[in-house]
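None of these values were measured; they are calculated from a predicted model.
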Amino acid sequence: MSTEGLYTQPPTEWIWQVPAQGAARFSWEYGDGRERLLALYQKGKDKQWDAAKRIAWDLEVDPYDPLGTPDEAMSIYGSRYWDAMNARDRGLLRQHYTAWQFSQFLHGEQGAMICAARIVESVPDLDAKFYSATQTMDEARHAEVYGRFLQDKVGMVYPINDNLQALLGDTLRDSRWDMPYLGMQVLIEGLALAAFGMIRDTTTKPLPKQILAYVMQDEARHVAFGRMALRDYYKQLSDTELREREDFVIEGCYLMRDRLRGLEVLENFGIPADEAAEMTERSEFLHLFRKLLFSRIVPCVKDIGLWGPRLQKAYLDMGVFDLGDSNLDLLMDQDEEIAEKLDAERFAAEERERVAEVTDMIAQGAQD
């Protein structure tokens with residue numbers, strides 16, 4: 001089914017062309033690569049899954065309450081606009097917010113797929129090319145999943161946010177081979193992981209919980225890949241080269257922070273842009289959400305060696321500096337455990353259903 005009729009407003013262009021720069025690099029060294037990276041590549045192969053089979057798409061979703069979002073999470077909660085809404089309007093607002101959030105996830109996953117393919121093309125080491133090839137498939141699956149959820153369950157799609165598009169464009173236009181790692185693996189993927197996790201842990205609906213848990217299981221490997229590759233490479237760079245990358249991170253983090261308000265949704269409900277911005281800035285939920293969103297980025301940036309005074313000052317300004325000491329490995333392990341637990345619960349429930357069916361058939365046969 002085409003998504004064209006589901007967009008709240010059509011994109012300014014249906015095909016976005018970003019001029020490619022930089023070299024495609026071949027490696028004729030086919031011997032052993034880095035042990036940790038090859039182990040991650042093996043895990044990437046072992047953990048491939050089919051979105052059509054692993055996710056229970058038959059689960060019902062109420063498009064007017066797709067996530068079970070509490071009223072307090074709405075940025076206009078308690079305002080005159082909220083008080084003027086009836087139950088149907090508030091349900092429509094939830095639908096729009098979910099469509100906006102998951103549309104940005106969808107567009108980001110397509111961007112991640114393209115960046116992973118760019119890494120395959122441009123990175124000099126064959127072990128990194130191998131892993132990026134598995135990630136390209138992962139990102140294609142994630143785009144498939146989010147696209148299906150929006151089309152079949154929510155029934156609405158939002159265009160890509162301007163700031164997300166700007167960061168994607170900056171990442172893809174840069175000719176340096178490490179920039180797709182930094183822009184996508186660290187910034188966009190790190191931010192997405194935190195957003196996925198917050199929704200995964202708060203939603204009361206089983207289908208979006210499944211989707212987010214399984215996607216996060218993949219994404220944890222992707223962030224680990226970026227950390228390994230960049231940590232090794234950035235040890236070799238000069239102070240000037242490191243400062244250039246820190247500037248990119250600072251600009252990207254401000255862009256990502258400022259995109260997380262969903263002003264497009266409120267404007268679609270007739271709320272003037274300046275009022276919408278003011279209300280979202282006053283939202284306690286948004287303040288908490290923003291801080292949590294950087295819980296995956298800040299420790300990763302520090303871990304790969306980008307921790308100069310200007311970057312630290314920017315994180316102090318954003319109020320997220322203290323997140324630099326977060327245990328990123330523990331968060332990733334938890335993502336893996338949650339996905340495996342969901343699988344175990346589903347398999348156990350299916351097994352109980354099969355046993356019940358067999359028991360019923362035996363009982364019916366005895367009666368006959």
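Judged as a salt bridge (Lys or Arg N to Asp or Glu O under 4.0 Å), and not counting sequence neighbours, Glu241 has no contacts. Residues forming a ring-ring contact (aromatic ring centres under 6.0 Å, His included) with Phe149 (at least two apart in sequence, or on another chain): Phe102. For Trp57, the ring-ring contact (aromatic ring centres under 6.0 Å, His included) test picks out no residue, with sequence neighbours left out. For the ring-ring contact (aromatic ring centres under 6.0 Å, His included) test, residues two or more places apart in sequence or in another chain that qualify with Phe130 are Tyr41. Under the rule for a side-chain hydrogen bond (donor to acceptor under 3.5 Å, both in side chains), Arg90 has no partner lying at least two apart in sequence or in another chain. When the salt bridge (Lys or Arg N to Asp or Glu O under 4.0 Å) test is applied to Asp247, the partners found at least two apart in sequence or on another chain are Arg310. In this structure Arg245 satisfies the side-chain hydrogen bond (donor to acceptor under 3.5 Å, both in side chains) test together with Asp178, sequence neighbours excluded. For the salt bridge (Lys or Arg N to Asp or Glu O under 4.0 Å) test, residues two or more places apart in sequence or in another chain that qualify with Arg54 are Asp343. For Tyr131, the ring-ring contact (aromatic ring centres under 6.0 Å, His included) partners are Phe225, not counting sequence neighbours. Scored by the side-chain hydrogen bond (donor to acceptor under 3.5 Å, both in side chains) test, Trp307 finds no partners at all (sequence neighbours excluded). By the salt bridge (Lys or Arg N to Asp or Glu O under 4.0 Å) test, Glu246 is found to be paired with no residue, residues two or more places apart in sequence or in another chain being considered. Qualifying side-chain hydrogen bond (donor to acceptor under 3.5 Å, both in side chains) partners for Lys313, counting only residues two or more places apart in sequence or in other chains: none.
Taking the six-membered ring for Trp and the full ring otherwise, the centers of Phe105 and Trp100 sit at least 6.0 Å from each other. Phe294 and Phe321 have their aromatic ring centers separated by at least 6.0 angstrom.
Using a 30° and 60° split on the angle between ring planes, Trp82 and Tyr77 fall in the perpendicular class, above 60°. The aromatic rings of Tyr181 and Trp177 sit perpendicular to each other, their planes meeting at more than 60°, with 30° as the lower class boundary. Below 30°, between 30° and 60°, or above 60°: for His96 and Phe269 the angle between ring planes is above 60°, a perpendicular geometry.
Proximity of a side-chain donor or acceptor of Lys153 to a complementary backbone N or O of Val61 within less than 3.5 Å is not detected.
The two residues Pro299 and Leu328 have their closest heavy-atom pair at CG-CD1, 4.1 Å. Closest of all the heavy-atom pairs between Met318 and Ile250 is CE-O, 4.3 Å.
Residues Leu323 and Leu191 are members of one and the same hydrophobic cluster, defined by side-chain heavy-atom contacts under 4.5 angstrom among Ile, Leu, Val, Met, Phe, Trp and Tyr.
If you check the side chains of Glu275 and Tyr81, you find a donor sitting under 3.5 Å from an acceptor. For Asp46 and Gln42, the side-chain atoms include at least one donor-acceptor pair closer than 3.5 Å.
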Arg141 and Asp218: salt bridge (Lys or Arg N to Asp or Glu O under 4.0 Å), yes or no, with the steps? CA-CA 10 Å; Arg141 180 169 57 249; Asp218 292 341; 3.0 Å; yes
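Crowding of Glu13 atom CD: a count of heavy atoms from other residues, nucleotides or ligands under 6.0 Å exceeding 12.
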